[in-house]
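Just so it is clear: chains get the letters A, B, ... in the order the sequence lines come, proteins before strands, and each one is counted from 1.
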Protein chains: 2
Amino acid sequence: MAINRDAILDATLALAEERGLDAVSMRAVAARLGVTPMALYRHVGDKQGLLDGVVERLLDELPSPDASLAPDERLRELAGALRSTARRHPDVFVMLLRRPATTPASLRARERVYAALADAGVPEDLVPRVERLVSTFMLGFAASEAGGRFAQHSRATLDADLAWALEVVRGALGGGRRSAE
Amino acid sequence: MAINRDAILDATLALAEERGLDAVSMRAVAARLGVTPMALYRHVGDKQGLLDGVVERLLDELPSPDASLAPDERLRELAGALRSTARRHPDVFVMLLRRPATTPASLRARERVYAALADAGVPEDLVPRVERLVSTFMLGFAASEAGGRFAQHSRATLDADLAWALEVVRGALGGGRRSAE
DNA sequence: ACCTGAACACCGTTCAAGT
DNA sequence: ACCTGAACACCGTTCAAGT
């Protein structure tokens with residue numbers, strides 16, 4: 001059987017999407033690939049390594065918004081992508097909150113936010129802090145929505161929540177801009 | 001052996017604190033109580049029920065800030081309590097994002113935030129929305145900090161992040177107040 | 001280099017039985 | 001009402017062996 005790390009991560013994501021993260025076992029992933037469980041270990045280390053790889057995949061599937069769009073528009077696109085990723089993989093998604101934001105895919109995603117914030121006029125020395133707070137909020141929001149914490153609220157309510165949050169941030173940043181005029 | 005739901009949840013939390021959530025199994029909890037695994041089922045339903053009970057416990061251990069304190073102070077106290085709870089139970093904590101915020105303990109915690117926001121002058125019809133956004137941010141922040149997402153940042157940096165976030169919220173809300181003056 | 005077979009020490013849960 | 005014993009269908013992982 002021809003297997004490699006990429007094929008293993010593909011199979012894992014497909015399995016998680018079809019039957020949930022609880023159904024993801026070394027044995028089930030191996031069976032899906034027509035291989036014995038032990039064949040996976042060479043490629044992903046162990047089960048934790050498999051899950052780390054899957055989380056990294058999720059981050060790498062986030063879009064790279066067109067640089068010609070307005071900064072607000074780019075942030076909204078990233079936020080929307082995060083929400084739909086969370087909905088597709090609710091259990092994998094929360095793992096994002098459980099590992100250092102220093103992996104390659106994590107850095108790539110962060111750079112996009114940095115660029116949008118800088119273009120929006122956030123002073124250079126504040127960009128990392130604002131990124132941490134905005135990303136933390138969005139991860140919490142997307143995880144909550146996909147995880148069912150907001151189950152009793154309509155999609156419209158949550159969309160309005162998010163729009164309000166963007167206004168608050170814009171207000172805080174716009175304030176910084178105005179002070180430079 | 002005399003066992004009941006409370007004793008089971010106590011044993012589970014102690015086990016999670018000592019050896020991590022991965023060490024929490026029906027069998028391990030039962031062994032700690034000197035009982036067979038099957039004895040637990042009558043009291044907690046199944047493993048999911050056990051975990052639900054533990055999450056509820058965490059929420060119920062949050063403090064009830066003194067109503068005589070300034071609203072800001074009360075929110076800071078709740079935020080601090082959330083952070084230390086997350087640090088003590090990082091894996092249990094993320095489960096908060098995975099279940100509806102409609103359990104009794106969840107409602108009790110929410111009422112405290114409602115009261116603080118109302119006392120801070122947030123218009124009544126905005127209180128639920130602001131609570132959702134503030135709580136979502138705090139859950140995401142505490143989970144990230146405890147889960148290691150901010151591993152490369154110092155405690156001082158994170159404290160400053162949080163203080164900045166509070167300023168942003170105060171700015172947005174203070175704005176609402178000022179417009180009524 | 002890469003995959004397999006057999007084995008070890010675990011899981012959650014059901015079901016019938018005991019007291 | 002509450003706990004037990006035995007059993008079923010699973011886990012992750014190691015290790016020696018095969019090609």
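A:Glu18 CD: more than 12 foreign heavy atoms inside a 6.0 Å radius.
Across all strands shown, D:dA16 forms a Watson-Crick or G-U wobble pair, both distances under 3.5 Å, with C:dT4. Nucleotide D:dC11 has no partner under the Watson-Crick or G-U criteria, as no pair reaches both atom distances under 3.5 Å.
For the pair B:Ile3 CD1 and D:dC2 P, the interatomic distance rounds to 10 Å; values are reported in whole Å. Between the NE2 atom of A:His43 and the P atom of C:dA1 there is a distance of 13 Å, rounded to whole Å. Here D:dT4 presents its P atom at 11 Å from CG of B:Leu33, a figure rounded to the nearest Å.
Taking a cutoff of 4.0 Å between a charged side-chain nitrogen and a carboxylate oxygen, B:Arg76 and B:Glu73 qualify as a salt bridge. With salt bridges taken as basic N to acidic carboxylate O contacts below 4.0 Å, none links A:Arg32 and A:Asp10. Taking the charged nitrogens against the carboxylate oxygens, A:Glu77 and A:Arg74 have no contact shorter than 4.0 Å, which rules out a salt bridge.
In terms of the side chain to side chain contact (heavy atoms under 4.5 Å, CB included) criterion, residue partners of B:Val94 (sequence neighbours excluded) are, by chain and number, A:Arg98, B:Ala143.
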Report summary line: In B/S/- notation (B base, S sugar-phosphate only, - none; protein heavy atoms under 4.0 Å), nucleotides 9-15 of chain C written 5' to 3' is --BBBB-

Report task. Take A:Arg108 and A:Ser64, measure what side-chain hydrogen bond (donor to acceptor under 3.5 Å, both in side chains) needs, and give me the verdict at the end. Result -> CA-CA 9 Å; A:Arg108 279 190 289 272; A:Ser64 255; over 6 Å; no

